[in-house]
Amino acid sequence: MNEGNDFINSLVEDAADTKPTGFNIASRSRLVILFLTVYLSLIIATIGLRSDWHYQVSQLSYSIEIALSIILIFFAGIASVRFSVPRAIGRSPAVFLPFLVVVLGIVIWQLGGVSLDALIVSLTTPSLSYISFGVIAGAIPTASFLMWQMSQGSPTQLRFAGSLALLSASSCGHFLMRTVGQAENFADVLVWCYSPIVMLTILGLIFGQKLLKW
C-alpha cells in the first residue's frame with residue numbers, strides 16, 4: 001500500500017514541475033509574416049524575376065492576380081495560426097478567404113481573356129504540367145512550416161485550419177510561378193497554375209483532421 005502511495009506522490013510531484021508552454025498568437029503571426037517574406041524574397045532573389053515582369057506588372061489583369069495572391073498568402077497563413085487555438089469559424093473573417101480564391105479564378109479567366117478554345121488546347125497539353133509541379137514545389141516549404149506552427153498549438157477546427165495552411169502554401173507556389181516563371185497565356189495559368197490552389201485547399205479540408213490531430 002505504501003509503495004502505491006509513493007508512486008502516486010511521485011506522479012503528483014512530476015506533474016507539479018511541468019509548466020505548460022503558452023501559444024502566443026501575436027508572436028506566431030509575426031513569425032509567419034517573417035517566414036513568408038524571407039522565403040518569397042529568397043526564391044525571387046535566387047531565380048530572378050521573369051524577363052517580361054516590368055511589362056506584365058503594368059497590365060491590370062496581372063497586377064490584380066498578383067495582389068490577390070499576396071493577400072491569400074499572408075492572410076491565410078496568419079489565419080491558420082489563429083486557428084491553432086480553439087476558435088469559432090463563424091466569428092472569423094477567414095471564412096471569406098475561399099471566396100477570394102474564386103475571385104482570383106474569375107480575374108484570370110475574365111481579365112485574362114481566356115477563351116474556350118485556348119482552355120481546350122491547354123488542357124490537352126500535358127507537357128505544361130511542369131507548371132503545376134512548380135506550384136506544388138513552391139508550396140511545400142510553406143505548408144511544412146505552417147503545419148509545424150499549428151502542431152505547437154491546440155487547433156479544434158482541424159479541417160478548416162488545414163485548408164487555410166494549404167491555401168496559403170499553394171498561393172505561395174502560384175505567386176512564385178507567376179513571378180519567376182513565364183506562362184504562354186492566361187489559359188495555361190488558369191489550368192496549370194491556378195487549379196493547384198483549388199485542389200490543395202480542398203485536400204487540406206479533407207485531410208486536415210488527420211494532419212493536425214492531437
> What heavy-atom pair brings V32 and G77 nearest, and what distance separates the two atoms?
Replying inline: CG1-C, 3.9 Å
> Considering all heavy atoms of both residues, which atom of T142 and which atom of A169 are nearest to each other, and what is their separation?
Replying inline: CG2-CA, 3.7 Å
> Measuring from I78:CD1 to R30:CZ, what's the distance to the nearest 0.5 Å?
Replying inline: 11.0 Å
> Which pair of non-hydrogen atoms, one from Q182 and one from S51, has the smallest distance, and what is that distance?
Replying inline: OE1-OG, 3.0 Å
>> Would the distance check show the side chain of S92 and the main-chain N or O of I89 forming a donor-acceptor pair, the cut-off being under 3.5 Å?
In response: no
>> Given 3.5 Å as the limit, does a donor-acceptor pair link the side chain of Y62 with the main chain of R178, or not?
In response: yes
>> I'd like to check N185 versus D188 (side-chain heavy atoms, cut-off strictly below 4.5 Å). Are they in contact?
In response: yes
> Can you check side-chain contact (heavy atoms from CB on, under 4.5 Å) on L36 and F175, steps first, answer last?
Replying inline: CA-CA 12 Å; L36 292 173; F175 173 82; over 6 Å; no
> Below 4.5 Å, heavy atoms only, C-beta onward: do V189 and E65 meet side chain to side chain?
Replying inline: yes
> Any side-chain heavy atom of R82 within less than 4.5 Å of one from R28?
Replying inline: no
> If we only count heavy atoms from C-beta on, is the V135 to Y194 side-chain gap below 4.5 Å?
Replying inline: no
> Which heavy atom of P196 sits nearest a heavy atom of S170, and at what distance?
Replying inline: O-CB, 4.1 Å
>> Looking at V57, is its backbone amide N or carbonyl O close enough to the side chain of S63 to form a donor-acceptor pair, meaning the two atoms are under 3.5 Å apart?
In response: yes
>> Among L203, I206, T201, which residue satisfies the side chain to side chain contact (heavy atoms under 4.5 Å, CB included) criterion with S163?
In response: T201
>> Quick one, S122 with W192, criterion side-chain hydrogen bond (donor to acceptor under 3.5 Å, both in side chains). Give me CA distance, side-chain angles, the key distance, then yes/no.
In response: CA-CA 8 Å; S122 187; W192 300 103; 3.2 Å; yes
>> Within the structure provided, determine whether F133 and S129 are in side-chain contact (heavy-atom separation under 4.5 Å).
In response: yes
> In terms of hydrophobic clustering (I, L, V, M, F, W, Y; side-chain heavy atoms under 4.5 Å; direct or indirect links), are I25 and L34 co-clustered?
Replying inline: no
>> Are the side chains of I66 and I70 in contact, using a 4.5 Å heavy-atom criterion?
In response: yes
> Would Q149 and L31 count as a side-chain contact (heavy atoms from CB on, under 4.5 Å) if you check the C-alpha gap in whole Å, the side-chain angles of each, and the deciding distance to 0.1 Å?
Replying inline: CA-CA 9 Å; Q149 280 279 82; L31 186 58; 3.8 Å; yes
> Looking at L42 and T46, what are the two nearest heavy atoms and their distance?
Replying inline: O-OG1, 2.7 Å
> F96 and L72: same hydrophobic cluster, using ILVMFWY side-chain contacts below 4.5 Å?
Replying inline: yes
> Does the side chain of L176 come within less than 4.5 Å of Y39's, by heavy atoms?
Replying inline: yes
> Is any side-chain heavy atom of V191 closer than 4.5 Å to a side-chain heavy atom of V114?
Replying inline: no
>> Atom CD of residue position Q59 - does it have more than 12 heavy atoms of other residues, nucleotides or ligands inside 6.0 Å?
In response: yes
> Judged by atom type as modelled, is there a donor-acceptor pair below 3.5 Å linking the side chain of S151 to the main-chain atoms of W148?
Replying inline: yes
> Got a second to check how far L100's CG is from L167's CG, nearest 0.5 Å?
Replying inline: 9.0 Å
> About how many Å separate CZ of F186 and CG of L119, when rounded to the nearest 0.5 Å?
Replying inline: 13.0 Å
>> Under the criterion side-chain contact (heavy atoms from CB on, under 4.5 Å), I'd like the reasoning laid out for L60 against I64: C-alpha separation, chi angles, the key distance, then a yes or no.
In response: CA-CA 6 Å; L60 180 63; I64 295 177; 3.6 Å; yes
>> Using the rule given for side-chain contact (heavy atoms from CB on, under 4.5 Å), can you reason through L128 versus T125, listing the C-alpha separation, both sets of side-chain angles and the distance that settles it, and then say yes or no?
In response: CA-CA 6 Å; L128 294 173; T125 310; 3.8 Å; yes
>> If we ignore hydrogens and angles and just use 3.5 Å, is the side chain of S115 paired with the main-chain N or O of A118 as donor and acceptor?
In response: yes
> At what distance, to the nearest 0.5 angstrom, does CD of Q56 lie from CG of L49?
Replying inline: 12.0 Å
>> Has S168 got a side-chain atom pairing as donor or acceptor with A165's backbone, closer than 3.5 angstrom?
In response: no
> Out of curiosity, R159 CZ to L164 CG, how far, rounded to the nearest 0.5 Å?
Replying inline: 14.0 Å
> Same cluster for V121 and I108 if Ile/Leu/Val/Met/Phe/Trp/Tyr side chains link at under 4.5 Å?
Replying inline: no
>> Using modelled atom types and a 3.5 Å cut-off, is there a donor and acceptor pairing between side-chain atoms of S27 and backbone atoms of N24?
In response: yes
> Are F99 and L97 in one and the same hydrophobic cluster, where Ile, Leu, Val, Met, Phe, Trp and Tyr link if side-chain heavy atoms are under 4.5 Å apart?
Replying inline: yes
> CD1 of I73 to CG of L68: how many Å apart, nearest 0.5 Å?
Replying inline: 11.0 Å
>> Taking L123 as the starting point, is it possible to reach M199 by hopping between hydrophobic residues whose side chains are less than 4.5 Å apart?
In response: no
> Hey, what's the ring geometry for F35 with F145, parallel, tilted or perpendicular (30° and 60° as the breaks)?
Replying inline: parallel
> Of the non-hydrogen atoms in A94 and F83, which two are nearest, and what is the gap between them?
Replying inline: CB-CE1, 4.1 Å
